[in-house]
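Beneath this line is the structure, given in structure tokens, with notes to follow.
A note on names: the letters A, B, ... follow the listed sequences, proteins ahead of strands, and every chain is numbered from 1.
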Amino acid sequence: MESSTPHAHTEGNEEGKSRRHFIQQIIDADLQEGLHGGRVHTRFPPEPNGYLHIGHAKAICVNFGLANEYGGKVNLRFDDTNPVKEDTAYVDAIRADIAWLGFEWNGGEYFTSDYFETLFDYAVRLIKDGKAYVDEQSAEEIAAQKGTPTSPGTASPYRDRTVESNLRLFHEMREGKHPEGSMVLRAKIDMGHANMHMRDPFMYRIKFAHHHRTGDAWCIYPMYDFAHGQSDSIEGITHSLCSLEFENHRPLYEWYIENLGIFPSKQREFARLNLNYTVMSKRKLLRLVEDGVVDGWDDPRMPTLSGLRRRGYSPESIRAFCDRVGLAKRNNIIDVGLLEFSLRDHLNSVATRAMAVLRPLKMLIVNLPEGHVEWLPTENNPEDPSAGMRDIPFGRELFIEEDDFKAEEVNKKWFRLAPGRSVRLKSAYIVTYVNHLVDEHGQVTEVHVELHPDSKSGSDTSGIKAKGTLHWVEATHAKDAEVRLYDRLFSDPSPDGDKDRDFMECLNPDSLERLKGCKVEPSLVTAEAGEPWQFTRLGYFTLDSRYSTADRPVFNRAVTLKDGWKG
RNA sequence: UGCCCCAUGGUGUAAUGGUAACACACCGGAUUUUGGUUCCGUUUUUCCAGGUUCGAGUCCUGGUGGGGCAACCA
């Protein structure tokens, strides 16, 4: 049954019977009950202390996608309650990544730090209600009293302070009259609660730290739990979606909202995205950067959005991937192959085809005169006739791919060039092997072929059957380029799956291969970073945004073509 | 020896008490001037044990397995 709610973004999900994930079902039910007048308002709340990665992309697609789908709004909120870890540089990078993914925060942009004053007032209110107190014990003492998951905690000696002294001390905390670590504000809930988060959680701690936005205005900062739900509430967020690890925080989230009597945002949790053959935690990603294993946060091998972008991933492909991954509460590990499929699937329809030879082998057409060059038309994209045609130079001297020629004996599964064989040169002619030259090491240095003039592409009357088609670049017009091939960063599907092994031990030593002296067709000089190209038979590539120069282009391979050859 | 969440092909995700399906992967075939694309097809699935029911992947009970929960992090 088709639901009556509008579907703005339902890519890959438009079968007759629409498949609704559990969050959609919750929202559908909420709407049916007339909750919040049918309003849907979500938020994406990153802490500006690092770069966004593919895992965040899922959260972004969920929050922005749902808001779009229900004709609602989505806020971008920077959850900046810990000044020692956060920085404006991350704020800018996060904004750029979300925009690149193709989403707009139509509900506005906010910072939790904008609510510091309100949050302070909320805390005062709880103190006045006898629901919060200042604890002067050390972190160790408090931890010891917390109990364990299987045994209850014990009360702090400061738990029953008077409202007056709590109020005075809390104001003194704000005024900077007490050193860091000397006291905290705690909610007075239940030291024996089965949920550890309810055992008098911290609300505020003292930190004499410069905040990237509020500067030195504050020396006390709210904890996550005392900030998040209230921020949702202040913004009128109807559905606060987060990952599974916050499930145990939900009672506390609700406790603050109820005891403050503020707008009842509802928290719902879903399983975060995990990808095999990579790591996703900020700490581990940081280590890759700091240890120089990668080039930086935007190294094309990184699972960061900036890395994927530099590698050549399109925002469309990442969105499609997130759709395909689905949404549930079950812990999952997605095969990186699905990400790669999503990229190929998108780029196949939009990438301009071009000829590039990565490991050049010289080919001489013996029956063409010295200096012969002609221009031949070729499709820009066979999947898209509207992409048109372009002319490429063809001549007596070409480069073909080294492994497209085999001098030794080959079996019948070999479609490419070899002694006695004929092949089609893409968009050009069929050529037949004549002979080849080798150096003193037995290395093939040149292959000579004979061209069949009546086999010209588009007007082939030769009747010759060539099973294989090779890509090639005409030698005198070829441009030099560097091409970087990437493989997965780790050789183990679960680099951090073994507690007794450091994930760095699983690094794939061959994750980057730099090929210099590659030959590309002249049209590639107009390539721009971020633009998708398909190098015929080789994969999808884009110009590297960092290392390319006008006279020395550097191309990154985003992904290979699917290789169906079982030879 | 506590509390919370989860369990469907190799990997994900559907089926909302009524024929277990979709995508990716895999394997086979057709088409192909990219060993790409496209098309067709094969193989493979409800953690276990009880119970409720005409009927259970779905509801109940109990197991088992996995994840999470004690930071002046988010």
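- Each of A/Ala428 and A/Tyr224 has a nearest nucleotide on RNA chain B; the 5'-most of these lies closest to A/Ala428.
- Rounding to whole angstrom units, CG of residue A/Asp225 and C1' of B/A74 are separated by 9 Å.
- Side-chain N/O atoms of A/Ser151 include none lying less than 4.0 angstrom from OP1 or OP2 on B/G2.
- With a cut-off of 3.5 Å on both pairing distances, the Watson-Crick or G-U wobble partner of B/C22 is B/G12.
- Contact annotation for A/Pro46: no contact, since no heavy-atom pair falls under 4.0 Å across all strands.
- Using a 4.5 Å heavy-atom cutoff, the side chains of A/Arg77 and A/Phe111 are not in contact.
- B/U45 is unpaired under the criterion used here, namely a Watson-Crick or G-U wobble arrangement in which both key atom distances are under 3.5 Å.
- Among the atoms of the strands shown, none is found under 4.0 Å from any heavy atom of A/Tyr221.
- As rounded to whole Å, 15 Å separates atom C1' of B/A70 from atom CG of A/Asp190.
- Within the model, atoms CZ of A/Phe226 and CG of A/Leu252 stand 10.0 Å from one another, a figure rounded to the nearest 0.5 Å.
- Here the nucleotide nearest the side chain of A/Asn82, chosen from B/A70, B/A74, B/C3, is B/A74.
- Ranking B/C72, B/G35, B/U34 by closeness to the A/Arg416 side chain, first place goes to B/G35.
- Each of A/Ser455 and A/Asn348 has a nearest nucleotide on RNA chain B; the 5'-most of these lies closest to A/Ser455.
- Checked against B/A70, B/C72, B/U37, the side chain of A/Met223 finds its nearest nucleotide in B/C72.
- Using a 4.0 Å heavy-atom distance criterion, A/Thr148 is classed as a base contact.
- The salt bridge (charged side-chain N to carboxylate O under 4.0 Å, His left out) test with A/Asp135 singles out one residue from A/Arg159, A/Arg205, A/Arg186, and that residue is A/Arg186.
- Other residues, nucleotides and ligands contribute at most 12 non-hydrogen atoms within 6.0 Å of the NZ atom of A/Lys467.
- For the OP1/OP2 pair of B/C3 and a distance below 4.0 Å, the side-chain nitrogens and oxygens of A/Arg250 include no atom meeting the criterion.
- A donor N or O paired with an acceptor N or O is not found under 3.5 Å between the base of B/U38 and the side-chain atoms of A/Glu383.
- For B/G2, the paired base is B/C69 (Watson-Crick or G-U wobble, both distances below 3.5 Å).
- The shortest distance between the side-chain N/O atoms of A/Lys207 and the OP1/OP2 oxygens of B/C73 is below 4.0 Å.
- For A/Asn332 and B/A14, the CG to P distance is 11 Å, given to the nearest whole Å.
- Put simply, CH2 on A/Trp472 is 12 Å from C1' on B/U33, counting in whole angstrom units.
- Whole-Å rounding puts the A/His197 NE2 to B/C72 P distance at 13 Å.
- When the side-chain nitrogen and oxygen atoms of A/Arg205 are compared with OP1 and OP2 of B/C73, one or more of them lie within a distance under 4.0 Å.
- Atom pair A/Tyr90:OH and B/A74:C1' shows a separation of 15 Å (rounding to whole Å applied).
- Nucleic acid contact for A/Leu538: none, since no nucleic acid atom lies under 4.0 Å from a heavy atom of the residue.
- As judged by a 4.0 angstrom heavy-atom cut-off over every strand, A/Val325 is placed among residues touching the sugar-phosphate backbone only.
- In this structure, NZ of A/Lys465 is placed 11 Å from P of B/U32, rounded to the nearest angstrom.
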Please lay out, stage by stage, how A/Leu119 and A/Tyr204 fare under the test side chain to side chain contact (heavy atoms under 4.5 Å, CB included). CA-CA 10 Å; A/Leu119 259 12; A/Tyr204 270 91; 3.4 Å; yes

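- Using a cutoff of 4.0 Å between basic side-chain nitrogens and carboxylate oxygens, A/Asp200 and A/Lys188 are not scored as salt-bridged.
- The nucleotide B/A7 finds its pairing partner in B/U64, both defining distances of the Watson-Crick or G-U wobble pair being shorter than 3.5 Å.
- Checking B/A14, B/G2, B/A23 against every side-chain atom of A/Arg324, the shortest atom distance belongs to B/A23.
- Taking the side chain of A/Arg424 as heavy atoms from C-beta on, and the options B/A21, B/U33, B/C72, the nearest nucleotide is B/U33.
- Residue contacts shown for A/Gly147 include a base, since a base heavy atom lies under 4.0 Å away.
- Considering only side-chain atoms of A/Phe341, the nucleotide from B/A25, B/U34, B/G35 that sits closest is B/A25.
- A/Leu338 comes within 4.0 angstrom of sugar-phosphate atoms only, judged by non-hydrogen atoms across all strands, and of no base.
- Of the candidate nucleotides B/G66, B/U34, B/G68, B/U34 has the atom lying nearest to any side-chain atom of A/Arg353.
- Residue contacts for A/Leu327: at a heavy-atom cut-off of 4.0 Å it reaches the sugar-phosphate backbone alone, with no base atom in range.
- Using a 30° and 60° split on the angle between ring planes, A/His56 and A/Phe44 fall in the perpendicular class, above 60°.
- No hydrogens or angles were tested; on distance alone, a donor-acceptor pair under 3.5 Å links the side chain of A/His249 to the base of B/A74.
- The aromatic rings of A/His211 and A/Phe116 sit perpendicular, their planes meeting at an angle over 60°, well past the 30° parallel limit.
- For A/Ala139, taking side-chain heavy atoms from C-beta onward, the closest of the listed nucleotides B/U34, B/U11, B/C72 is B/C72.
- Among the protein residues, A/Gly181 comes within range of the nucleic acid bases, having at least one heavy atom under 4.0 Å from a base atom.
- What you find for A/Asn332 and A/Arg272 is that their closest heavy atoms are ND2-O, 3.4 Å.
- Closest contact between the side chain of A/Glu47 and the listed nucleotides B/G2, B/C73, B/A70 involves B/C73.
- Between the C1' atom of B/C5 and the CG atom of A/Asn248 lies a distance of 8 Å, rounded to the nearest Å.
- Among the heavy atoms of the strands lying under 4.0 Å from A/Gln534 is at least one base atom, whether or not backbone atoms are also near.
- A donor and an acceptor atom sit less than 3.5 Å apart, one in the side chain of A/Ser457 and one in the base of B/U33.
- Using a 4.0 Å heavy-atom criterion, one finds that A/Gly458 contacts the bases of the nucleic acid, with or without backbone contacts as well.
- Nearest nucleotide to the side chain of A/Arg19, out of B/C22, B/G2, B/U34: B/C22.
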